[in-house]
Amino acid sequence: MKNWRNSLKIYNSLSGEKEIFQPIVKDYIGMYVCGPTLYSEPHMGNMRTFINFDMVYRYLLHLGFKVKYVRNITDAGHITNSLGQETDSIGAAARMEQAQPLEIVYKYNTKFQELQRLYNLLPPTIEPTATGHIQEQIEIIEKIIENGFAYVVNGSVYFDVRKYSEKYNYGILSGRKVDELAEETRTLNAQDEKQFFADFALWKKANPEDMQIWRSPWGDGNPGWHIECTAMSTKYLGKQFDIHGGGMDLKFPHHEDEIAQSCGSFGCNPCNYWMHANMLNVNGQKMSKSMGNFFLPKEIIEGSSPLFDRPFEASVIRFFMMQAHYRSTLDITQDALIASEKGYQRIADAFETLEKLSASPQSSFDVGALVNSFYEAMNDDFNTPVLIANLFEATKKINSINENKEQISAADLELLKTEYRSFTLDVLGLTFSETQNSSEHLEQVMNMVLELRAQVRAEKNWSLADSIRDGLANAGIVVKDGKDGASWDLKN
RNA sequence: GGUCCUGUGGCCGAGUGGCUAGGCAAUGGUCUGCAAAACCAUGUACAGCGGUUCGAAUCCGCUCGGGACCUCCA
């Protein structure tokens with residue numbers, strides 16, 4: 001069997017090209033993904049990014065890599081606004097809810113953890129918090145100052161972008177030019193402490209109204225927004241690691257500044273492959289908190305979102321998202337969700353059918369090629385839409401085998417079972433609830449009911465047979481009459 | 001204004017310089033007592049206008065439309 005680990009291609013935002021993935025240490029991967037800021041409940045757009053990187057994590061694991069997956073939790077509000085405005089989101093939420101910052105963080109972290117379970121996200125290897133790594137952040141800031149790429153003003157520390165760009169390429173990730181940044185219309189206030197527009201805060205002196213304050217060599221204050229990721233990725237993955245992920249909207253300035261901080265402190269780029277997941281849109285526009293066009297991941301499951309007439313399963317939403325490539329924007333609409341729901345159901349049905357198939361001496365089609373197509377799709381920069389198209393091809397085959405229109409050998413059947421399971425459950429992270437829902441009791445009752453109905457049908461008592469079917473349908477059970485007996489399914 | 005992405009059949013959504021993406025919907029057929037499901041068949045889709053090429057939806061230019069980033073944002 002081919003070793004698919006050697007031919008994985010990843011689109012690297014740094015080069016703008018798909019590159020063959022080569023880990024720093026053979027078979028081991030360090031991956032860092034920017035997690036949520038816990039000042040409110042993450043919305044569906046936030047979830048899309050987490051779901052996408054969960055898929056990436058899952059596929060890397062499926063390929064047999066040993067992955068250390070670090071996703072941070074931002075539990076410190078940050079004051080990085082270039083206009084010097086108060087933007088401490090967590091402090092603001094705390095005041096609003098009349099609670100301590102830690103209460104806010106704890107509350108939303110609990111919700112976030114619950115969402116992870118609901119949407120079947122694998123837990124990262126570690127979820128470090130910003131506030132738990134203040135010391136590490138301070139140490140990196142000290143290094144940057146030592147290296148001459150930062151300056152201290154009135155108890156605050158700023159990264160010196162102009163100085164940095166004499167030696168390094170500021171803008172290497174986002175394609176921005178320092179000269180162009182200088183021409184920005186936005187001008188520095190007279191009282192601004194920054195020397196240059198693009199300079200950013202590494203440490204910000206405390207304001208009297210700040211609710212979270214830490215000690216530092218420069219006085220009491222707060223860490224800058226970008227430094228926590230540098231501190232935590234360095235601590236858990238080293239100065240250089242393999243993959244760094246996050247939403248497209250973090251590319252600039254957040255990720256650009258992370259690179260600057262790593263180069264400015266350790267003299268090296270933090271990571272080899274930068275991955276950016278695209279946004280979830282509503283009516284063609286980015287879902288965002290400030291726009292107000294967002295809904296919560298729980299609302300859609302409960303059916304309480306005004307945008308949708310009825311609820312959708314988390315697994316259906318996952319499937320819907322997997323039908324689009326992670327680097328494309330995706331518009332979420334009710335019609336699209338309904339279409340996905342039906343497709344998802346077909347796969348779920350085939351998933352069950354697959355377990356019941358019986359083998360023939362020979363296969364009537366190339367099962368190996370079909371299975372390879374799963375890997376080829378995913379190895380091409382995690383192309384889940386193509387994977388799903390190929391899974392639908394497999395679905396047709398499964399159904400055809402079930403109707404004796406195709407044959408499959410015992411060995412091929414084993415292969416198909418293993419891989420179909422792996423790619424739907426383990427890689428795409430779908431869950432098929434039917435089998436779990438149906439209890440022993442229901443199983444036995446249904447067997448009996450269908451047996452009785454079969455007798456009724458044998459007597460050609462169609463009206464009674466149909467009323468049994470209608471009655472079951474009302475109870476949420478679908479009866480499917482096949483060549484050799486009827487089967488049933490729970491309808492959601 | 002600067003940087004960049006994008007415009008695919010009724011809807012969603014992949015994609016490569018020439019060979020069927022796929023799903024949903026629709027139509028016809030097979031199967032069925034009927035229905036559902038399943039399977040088979042059916043779409044001359046690539047914003048517009050030029051250009052490069054033997055050949056472009058795929059490369060280049062222009063026009064029009066949509067969006068993202070440049071401020072916190074997944």
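Residue numbers begin at 1 in each chain, while the letters A, B, ... track the order of the sequences.
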Open item on the list: Rounding to an integer number of angstrom, what distance separates rC24(B) and rA37(B) when you compare their P atoms?
Closed with: 11 Å
Open item on the list: Base, sugar-phosphate or nothing for Ile338(A)? Non-hydrogen atoms, less than 4.0 Å.
Closed with: nothing
TODO: Please state how far atom CG in Asn461(A) lies from atom C1' in rC34(B), giving the value in whole angstrom units.
DONE: 14 Å
Task: Distance in angstrom units between Arg346(A) CZ and rG22(B) P, rounded - done: 11 Å
Open item on the list: If I take atom NZ from residue Lys342(A) and atom CG from residue Leu337(A), how far apart are they, to the nearest 0.5 angstrom?
Closed with: 12.5 Å
- [ ] Start with the C-alpha gap between Ser40(A) and Lys289(A), add the side-chain angles, then the distance that decides, and say whether side-chain hydrogen bond (donor to acceptor under 3.5 Å, both in side chains) holds.
- [x] CA-CA 10 Å; Ser40(A) 66; Lys289(A) 193 104 186 167; 2.9 Å; yes
Open item on the list: Under 4.0 Å from OP1 or OP2 of rU32(B): is there any side-chain N or O of Lys480(A) that close?
Closed with: no
Task: P-based separation of rA35(B) from rU30(B) [nearest Å] - done: 12 Å
Task: rU63(B) to rA25(B) separation - P atoms, rounded to the nearest Å - done: 42 Å
Task: Gap between atoms CD1 and P, on Ile332(A) and rG13(B) respectively (whole Å) - done: 11 Å
TODO: Measure the CG-CD distance between Leu370(A) and Glu419(A) for me, rounded to the nearest 0.5 Å.
DONE: 10.5 Å
- [ ] Using the side-chain hydrogen bond (donor to acceptor under 3.5 Å, both in side chains) rule, take Asn72(A) and Tyr32(A) through it: C-alpha gap first, then chi angles, then the decisive distance, then the call.
- [x] CA-CA 8 Å; Asn72(A) 69 296; Tyr32(A) 186 92; 3.3 Å; yes
Open item on the list: Does Lys460(A) reach a base, just sugar-phosphate, or nothing at all? Heavy atoms under 4.0 Å.
Closed with: nothing
TODO: Kindly say whether Ala277(A) contributes a backbone atom to a donor-acceptor pair with the side chain of Asn52(A) at under 3.5 angstrom?
DONE: no
Task: Candidate nucleotides rG33(B), rC12(B), rG2(B), ranked by approach to the side chain of Asp481(A) - the nearest - done: rG33(B)
Task: Sugar-phosphate, base or nothing in reach of Ser328(A), heavy atoms under 4.0 Å - done: sugar-phosphate
Task: Inter-residue atom distance Lys356(A).NZ - Asn402(A).CG, 0.5 Å rounding - done: 6.5 Å
- [ ] From the options rC69(B), rC34(B), rA74(B), select the nucleotide whose nearest atom is closest to the side chain of His43(A).
- [x] rA74(B)
Open item on the list: When you measure from the side-chain N and O atoms of Asn383(A) to the phosphate of rG15(B), is any distance below 4.0 Å, counting only OP1 and OP2?
Closed with: yes
Task: Integer angstrom distance from the P of rC31(B) to that of rA26(B) - done: 22 Å
TODO: Please tell me which of the listed nucleotides, rA74(B), rC39(B), rC70(B), lies nearest to the side chain of Pro253(A)?
DONE: rC70(B)
Open item on the list: Testing the 3.5 Å rule here: is there a donor-acceptor pair between the side chains of Asn278(A) and Ser328(A)?
Closed with: no
Task: Salt bridge present between Arg421(A) and Glu355(A) (N-O < 4.0 angstrom) - done: yes
- [ ] Assign Lys396(A) to base, sugar-phosphate, or nothing according to its heavy-atom contacts below 4.0 angstrom with the strands shown.
- [x] sugar-phosphate
Open item on the list: Looking at Asn283(A), is its backbone amide N or carbonyl O close enough to the side chain of Asn281(A) to form a donor-acceptor pair, meaning the two atoms are under 3.5 Å apart?
Closed with: no
- [ ] Have a look at Asn52(A) and say if it touches a base, only the backbone sugar-phosphate, or nothing, with a 4.0 Å heavy-atom cut-off.
- [x] nothing
Task: RNA chain B: 5'-proximal contact among Val386(A) and Val479(A) (nearest heavy atom) - done: Val386(A)
Open item on the list: Counting the atoms with a prime plus P, OP1 and OP2 as sugar-phosphate, which does Ala324(A) contact under 4.0 Å by heavy atoms, base, sugar-phosphate, or nothing?
Closed with: sugar-phosphate
- [ ] In whole angstrom, give the distance that lies between atom CG of Leu173(A) and atom C1' of rU3(B).
- [x] 13 Å
Open item on the list: Within the 4.0 Å heavy-atom criterion, would you say Gly284(A) contacts the bases, only the backbone, or no part of the nucleic acid?
Closed with: sugar-phosphate
TODO: Figure out the NZ/C1' separation between Lys342(A) and rC11(B), and round it to whole Å.
DONE: 12 Å
Open item on the list: Assuming nearest nucleotide by heavy-atom distance, tell me which of Lys405(A) and Asn278(A) is located more 5' along RNA chain B.
Closed with: Lys405(A)
Open item on the list: Please give the distance between the P atoms of rA14(B) and rU8(B) as a whole number of Å.
Closed with: 11 Å
Task: Phe197(A), nearest nucleotide to its side chain (from rU71(B), rC69(B), rG13(B)) - done: rU71(B)
Open item on the list: Using whole Å, what does the distance between atom C1' of nucleotide rC72(B) and atom CE of Met248(A) come to?
Closed with: 18 Å
- [ ] Kindly confirm or rule out a cation-pi arrangement of Arg117(A) over Tyr119(A), judged by NZ or CZ under 6.0 Å from the six-membered ring centre and within 45° of its axis?
- [x] no
TODO: Look at all strands and tell whether Met47(A) reaches a base, only sugar-phosphate, or nothing, counting heavy atoms closer than 4.0 Å.
DONE: nothing
Open item on the list: Let's see if you can work this out: which of rA74(B), rA14(B), rG33(B) has an atom nearest to the side-chain heavy atoms of Phe50(A)?
Closed with: rA74(B)
Task: rA57(B) to rU52(B) separation - C1' atoms, rounded to the nearest Å - done: 16 Å
- [ ] Could you provide the dot-bracket string of RNA chain B, using ( ) for intrastrand pairs, [ ] for crossing pairs and | for bases paired to another strand, with Watson-Crick or G-U pairs below 3.5 Å?
- [x] (((((((..(((.....[...))).(((((.......)))))....(((((..]....))))))))))))....
Task: Spacing of Phe382(A) atom CZ relative to rA14(B) atom C1', expressed in whole Å - done: 17 Å
TODO: Give Asn399(A) one of three labels, base, sugar-phosphate or nothing, depending on what nucleic acid heavy atoms sit under 4.0 Å from its own.
DONE: sugar-phosphate
- [ ] Look at the side chain of Ala389(A) and decide which nucleotide, out of rC39(B), rG22(B), rA14(B), has an atom nearest to it.
- [x] rG22(B)
Open item on the list: Please pick, from rC34(B), rG22(B), rG13(B), the nucleotide with the shortest atom-to-atom distance to any side-chain atom of Arg469(A).
Closed with: rC34(B)
Open item on the list: Looking at rG33(B) and Trp462(A): do their rings stack (centroid distance under 5.5 Å, interplanar angle under 30°)?
Closed with: yes
Open item on the list: For the backbone of Trp462(A) and the side chain of Arg457(A), can you confirm whether one donor and one acceptor N or O come within less than 3.5 Å of each other?
Closed with: no
- [ ] Using the P atom as the reference point in each nucleotide, state the distance between rU6(B) and rG43(B) in Å, no decimals.
- [x] 30 Å
Open item on the list: Taking any heavy-atom pair under 4.0 Å as a contact, classify His254(A): base, sugar-phosphate, or nothing.
Closed with: nothing
TODO: Could you give the distance separating rA36(B) and rC69(B) at their C1' atoms, to the nearest angstrom?
DONE: 50 Å
Task: Distance, rounded to the nearest Å, where His255(A) contributes NE2 and rC69(B) contributes P - done: 14 Å
